[in-house]
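Working notes, beginning with the structure itself.
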Amino acid sequence: MDKKTGVYICTGCGIGESLDIEGLSKVATKEGKVPVCKSHPFFCGPEGVALIKSDIENEGVNTVVIAGCSSRVNYDVFDFGPSLLMERANIREQVIWCHPANDEDTQMMAEDALRMSLAKAAHIQLPEAYQGQNMVKTILVVGGGLSGITAALEAAKAGYETVVVEKSPVLGGWMNSLFKQAPLKFPYDSPEDVDIASRVKELEAQSGVKIYTNAEIKEIAGAPGMFDVTINQNGNTIQERIGSVILATGAVPYDPTKLEQLGYGKYANVVTATQMEEIASKGKIVRPADGKEVQSIAFIQCAGSRDPEHLPYCSVECCVESLKQATYLKEQNPEAAVYIFNKDMRTPGQNERLYKRVQQDGAIFVRGEISEISEDDDKNLIIQSKDVLTGSTISTEGVDMVVLATGMVPTTAFGESLVAKAEDSEEVEATEPKVEEILKSNLLNLAYRQGPEMPTLKYGFADSHFICFPYETRRTGIYAAGSVRAPMDAASSIEDATGAAMKAIQCNELTAIGNAVHPRVGDMSFPDFAMSRCTQCKRCTVECPFGAINEDDKFNPLPNPTRCRRCGICMGACPERIISFKNYSVPMIGNMIKAIEVPEEDEEKPRIVIFACENDAYPALDMAGINHLSYNAWVRVIPVRCLGSMNIVWIADTLSKGIDGILLLGCKHGDDYQCHFVKGSELAGIRLGKVAETLNRLDLESDRVRMEQLSIMDYDQIPAMIDGFAERLEELGPNPYKGF
Amino acid sequence: MDEIKEVSLEMKDYIVSSGAETLSWCMQCGLCTNLCPWRLVPGEISEAFNIRKMQRLGQLGLEGFEDENVLFACATCGMCLVNCPRKVEIIDNVRSMRNTTVAAGFLPANLRPIAGSLHANGNPWSGAHEKRAEWQEGLNIPAFSDDTEYLLYVCCTSCFDTRSQKIAKSIVNLLQKAGVSFGVLTAEENCCGETIRKLGDEELFQKLAESNIKLFNGKGVKKIITTSPHCLYAFKKDYPELGGNYEVVHYAELLGDLLKQGKISFSTELAKKVTFHDPCYLGRHNQVYDPQRELLKAVPGVEFVELGRNKEKSLCCAGGGGRVWAEAPMGERFGELRITDAVDKQADILVTACPYCIAMLDDACAGLEKGDVLKVMEMSELLNASL
Amino acid sequence: MAKGIWVVVEQRDLQIRKVSLELLSQGRKIADETGESLVAVILGQGIEGLAQTVSANGADKVILVEDEKLAEYTTGAYTSVLNKLIRKEEPQVVLTGNTAVGKDLFPRLAQRLGVGLASDCTGIEVDSSSFMVFKRPIYAGKAFEFVSSTVRPILATIRPNTFALGTPDAGRTAEVVKETADIDAGDLRAILKEVAIAASKRPELTEANIIVSGGRGMKGPENYVILEALADVIGAAVGASRAAVDAGWKEQKFQVGQTGKTVSPTLYIACGISGAIQHLAGMGSSKFIVAINKDPEANIFNVADYGIVGDLFDVVPILTEEFKKIVG
């Protein structure tokens with residue numbers, strides 16, 4: 001593209017009063033040799049915008065560089081269409097709002113910011129949207145329970161072809177086995193007749209829906225918009241072309257045979273909640289040992305839940321299920337004695353009303369740890385428990401039956417483990433990214449090089465970015481919904497499935513026009529591989545958090561652009577630097593680094609480059625500016641998409657330019673990770689570890705490169721972080737490569 | 001090493017059937033215990049009495065609530081009741097739990113003469129029944145008949161206690177000046193029974209109530225003015241289920257209305273700083289907050305100030321629930337805190353509208369020796385002096 | 001054939017308790033009415049001199065049981081002795097006062113003898129069919145019941161101050177019999193080691209016939225001396241109202257009313273006590289109440305039999321002087 005660059009320096013928001021605008025303009029015109037350079041006190045106003053537009057229309061400007069506020073604001077105002085290159089130099093939040101006005105160092109900072117933007121603008125190209133062959137918008141729903149049915153109905157009603165695959169002979173899932181369901185309608189205080197049959201009917205009658213029962217997914221190959229799904233139904237193979245996938249295979253009850261200490265298997269009249277539903281469905285509630293009508297009952301909540309020895313988490317719906325079952329008994333016999341032993345009573349949503357009702361029916365709630373369950377000669381059960389409220393241990397009279405309210409385990413938690421355990425796990429941990437366990441659960445059977453299912457997060461649930469984006473799994477275009485995603489009740493499953501359907505639709509629509517889905521919505525760039533220089537090291541393939549890269553029959557990486565989230569982690573990983581985006585590449589950053597003016601050693605103005613990830617670090621820097629926190633003016637900020645896209649060569653480039661220190665600012669990683677690309681900052685940390693050795697051999701102190709994790713809310717720590725780093729650099733002295 | 005306590009559903013059912021129908025509603029959040037006025041004073045009773053725990057013992061039918069310091073500490077002030085998120089009828093539960101021991105004859109020693117007197121004399125003060133109407137001598141109060149609109153029912157305390165009789169006399173004067181048509185049946189009446197019911201003697205309460213209802217219904221009583229908020233409570237809330245259905249008001253409500261209608265006015269100036277203690281049974285239990293304030297502010301010269309804890313948050317004088325006959329050591333009586341409150345607000349007069357509150361506050365004021373800076377007055381006395 | 005009306009006479013430090021004399025007086029009347037003989041039984045050590053007093057008060061016969069082990073009252077020893085004695089002599093009726101000793105001794109004795117016990121009685125009627133009918137309050141005084149026993153001996157404890165004291169007749173002489181103490185070693189499970197008595201010459205509040213009590217009107221602890229002066233002249237105990245105890249002028253043990261002590265003296269003099277109605281329960285059963293108070297509207301005047309409206313600091317010393325003249 002033949003570029004005609006226009007530089008627009010805004011003098012509003014205090015910029016004009018804090019900087020030498022003429023000097024700044026000279027950077028554009030004299031150094032950058034740009035043909036158009038204008039300033040205006042209020043570029044984001046109608047007059048300013050009109051000015052730029054007029055230059056575009058009349059002067060042929062096709063590369064716009066605006067020096068002013070942060071690119072995180074006014075992007076809607078400065079939207080001049082997709083056929084224009086756009087670059088924003090942040091001289092407001094990151095320069096004049098946190099540094100003294102009319103100061104030499106502040107001026108140098110602003111000028112370098114403009115230089116870097118000009119270098120970037122000169123390098124980048126307009127991205128071209130990726131168009132796959134034969135793309136479709138059909139949505140596949142794996143699992144025909146409440147969540148699956150809801151997702152399919154929502155998608156179909158919104159006008160999307162839907163395919164439902166259910167492994168059992170009938171649709172309905174878990175709800176089929178209930179006697180009654182927890183209330184979904186006002187006044188929410190009584191169980192309702194199970195309505196799953198009507199939902200199934202509705203789905204079957206809905207146009208645009210194909211249902212396969214007695215069917216399993218044999219394989220899902222391809223990428224969003226272009227999935228090739230092979231379905232195995234009763235031995236027959238069916239192919240479907242699918243745009244996006246919803247995983248709704250649900251959860252199963254925790255194995256009660258592990259709960260012998262609560263009497264299961266030991267005493268005849270100790271049953272699970274599932275068994276209780278069965279008993280209730282048959283009519284009179286009688287107990288297993290002798291068929292005696294139940295006159296007294298005890299529910300044990302958190303049976304094998306919130307327990308490090310069993311399921312460490314809460315399964316959300318068990319308390320409500322027990323309350324519901326308590327009403328079954330009270331219906332049969334209002335005088336029946338009902339105990340509910342709990343660690344806490346959890347009644348999310350509207351279920352507080354059911355709780356109140358059961359209390360009003362006279363149930364006795366005991367909060368405390370069960371110390372013992374024993375049996376008397378009549379096979380009644382005696383429960384001994386601590387009662388937190390009286391501070392004593394209490395014992396009940398014998399009750400006819402005990403119901404264990406067990407938790408739920410997602411279907412993704414079962415399966416054969418495919419990854420061999422590393423021999424020397426300690427060493428492996430430090431220098432390599434943690435090897436992930438993916439189980440062969442026979443749910444999706446993805447033909448992805450990284451594994452046939454989704455990586456799981458905690459406790460076997462499919463990893464979804466639960467801190468920031470709960471619907472987004474680690475596989476683009478595949479959305480988990482319902483109890484396979486997190487423990488939840490029917491009401492939440494319906495909402496969850498509806499949300500997943502919406503995400504699936506979003507994915508279809510955005511992929512169709514070549515846009516990224518999440519989190520870089522609207523990004524049309526995608527990685528380009530200069531395959532001739534590839535050494536097949538597979539680092540890109542293995543490190544991609546989203547499994548976007550497969551392998552071709554020549555053992556080269558096979559990228560799938562619609563699976564890609566455009567983070568650039570592969571770009572950062574590649575030691576040969578063969579991967580690049582049209583508007584984001586290794587040389588682009590290299591040029592930005594080179595554009596920075598590095599003063600001579602005797603001027604005593606050190607230079608620090610900050611690589612700031614766009615998700616948390618860059619916004620935190622902006623926040624520091626908004627709050628007018630000040631830090632030293634030695635820093636130069638280079639935004640990167642993800643710290644994981646950080647290629648090690650940039651460290652070499654930076655240091656060889658004579659810059660004294662490099663600060664990598666990224667999102668938090670770890671168990672409660674916030675990194676929007678899941679692994680990015682973790683990978684950066686690991687790569688940094690490897691660089692240390694190299695640096696030391698070059699007689700460069702590894703301390704010159706530092707990585708900090710922060711979230712946007714940590715902006716108040718930025719001055720301390722930067723100034724602390726600057727102090728250390730002062731101790732180390734100036735970079736010996738200055739002036740080379 | 002702790003002893004295992006056996007849950008007794010039988011005991012719990014017995015408590016529930018004694019009137020604690022909402023006992024199982026309690027979700028043990030603890031708000032009640034924290035709002036309870038016993039938290040404001042130190043001492044043995046304060047440490048023993050925890051209303052949440054007491055309800056819990058009842059729920060499980062466990063022993064421990066029969067301890068006098070636990071079972072009879074509650075002054076039924078209602079602070080817990082009006083704030084309970086589950087709308088548990090806490091006071092009914094206390095009453096029922098007391099009933100389980102009192103019905104078996106275990107009324108605390110200090111209350112036995114009271115119960116005995118109610119039985120024998122129809123009032124708790126050991127006053128001879130024949131002398132119940134003696135205070136009316138010379139006042140020309142007509143007997144209740146078909147010609148009188150209201151029955152004026154005077155609290156036993158104001159019939160027999162010299163100090164309290166002044167309240168009854170003031171109220172009579174105010175009503176007469178306002179032209180209210182009322183009559184009395186004092187000589188034939190018995191105690192309304194409110195407090196003995198709260199103490200758990202359901203049988204004795206019913207005996208008293210039934211005799212009153214028979215008397216009232218026989219005479220055609222439709223409307224009642226009470227001098228005490230406790231009697232107000234009894235007639236309004238306890239009597240209907242026994243066949244006594246009347247339109248009941250406390251004298252403050254009636255006078256408040258009359259003030260609005262212009263039928264009563266106050267002319268003599270009283271240039272004093274006046275504050276009002278909301279009796280639990282007038283305020284929280286019967287939701288009457290405004291008439292008394294309007295009346296006091298209508299007295300010329302009065303500078304009205306609110307106490308720190310007023311209206312729904314009013315702090316109990318510690319006289320309800322039978323505690324007017326209880327002994328708590330000085331420093332453990334939360335009525336004393338009211339006096340301190342009033343003195344802190346630099347009030348000259350602390351006004352209230354309940355004979356029990358007057359007894360407790362008078363006592364507290366004398367005990368704290370604040371008689372020279374603060375005067376405790378019943379509202380009718382103050383209004384009467386300003387007519 | 002059971003015969004005789006026995007009164008177990010209580011003595012401490014060789015002083016006979018008033019209630020025992022009341023019982024002898026009433027017992028005398030009953031004995032005359034029924035033709036039975038009245039026997040006084042005294043246990044202790046060095047008690048010979050008491051025989052005369054009980055004779056003068058109506059006893060026909062006095063049984064003295066002397067032993068070192070009986071010098072002070074102990075449950076085991078006294079039960080053992082009386083049990084054996086009663087079985088030997090077979091009286092019709094055995095009475096004693098419903099005092100701390102009576103309450104401790106008689107239930108145990110009744111159980112040993114295998115008979116019932118009418119306790120805390122407030123009246124005795126002679127009856128032709130059952131010989132004796134006892135009146136006792138029940139349900140906290142809400143009702144009275146009349147009980148009699150079908151077996152012998154009839155055992156009963158009588159509430160102090162139920163019966164009037166008679167006039168002792170110094171000329172009466174009763175038959176005095178000495179019995180040896182027959183104490184089972186097994187009964188001596190508790191040995192009395194020491195008796196600590198609060199040194200007070202004044203009568204004990206709950207026992208006193210006359211009480212002089214001071215309230216808030218006393219204005220300070222130092223002023224109680226004027227009450228003590230009066231008390232000493234008329235042989236009264238000194239008490240205090242709740243207000244005085246609250247103010248810290250007197251200890252709790254002097255408090256009359258409610259959780260203080262319940263008293264029922266013949267004469268109660270209330271000085272500077274307003275008589276707040278809720279605190280009156282403790283002294284209500286006094287036979288006569290005299291109130292001295294500056295405030296003519298004080299509630300105490302409602303319950304007092306005699307009231308003096310005046311400053312107690314004037315009135316009490318005058319009273320003391322006048323009483324001195326009478327008592328001599």
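Order of the sequence lines sets the chain letters (A, B, ...), proteins ahead of strands, with each chain counted from 1.
- In this structure, A/Lys386 is not positioned above the aromatic face of A/Phe341 in the sense of NZ or CZ being under 6.0 Å from the six-membered ring centre and within 45° of the axis.
- Using the six-membered ring where Trp is involved, B/His230 and B/Tyr356 have ring planes that are tilted, between 30° and 60° apart.
- Between B/Glu202 and B/Arg95 there is a salt bridge, since a side-chain N of the basic residue sits under 4.0 Å from a carboxylate O of the acidic one.
- Contacts with chain B (heavy atom to heavy atom, under 4.5 Å) involve these residues of residues 345-377 of chain A, listed by number: A/Glu352, A/Tyr355, A/Lys356, A/Gln359, A/Gln360, A/Gly362, A/Ala363, A/Ile364, A/Phe365, A/Val366, A/Arg367.
- Salt-bridge check for B/Glu63 with B/Lys5: failed, with every basic side-chain N at 4.0 Å or more from each acidic carboxylate O.
- Between chain A and the residues B/Leu60, B/Thr22, B/Leu57, the most heavy-atom pairs under 4.5 angstrom are made by B/Leu60.
- Between B/Arg56 and A/Asp387, at least one side-chain N (NZ, or NE/NH1/NH2) sits under 4.0 Å from a carboxylate O, which counts as a salt bridge.
- Taking the charged nitrogens against the carboxylate oxygens, A/Arg306 and A/Asp344 do have a contact shorter than 4.0 Å, which makes a salt bridge.
- Of the two parts of B/Glu6, the backbone and the side chain both hold a non-hydrogen atom closer than 4.5 Å to a non-hydrogen atom of chain A.
- Taking the charged nitrogens against the carboxylate oxygens, A/Glu331 and A/Lys324 have no contact shorter than 4.0 Å, which rules out a salt bridge.
- Of the two parts of B/Leu23, neither the backbone nor the side chain holds a non-hydrogen atom closer than 4.5 Å to a non-hydrogen atom of chain A.
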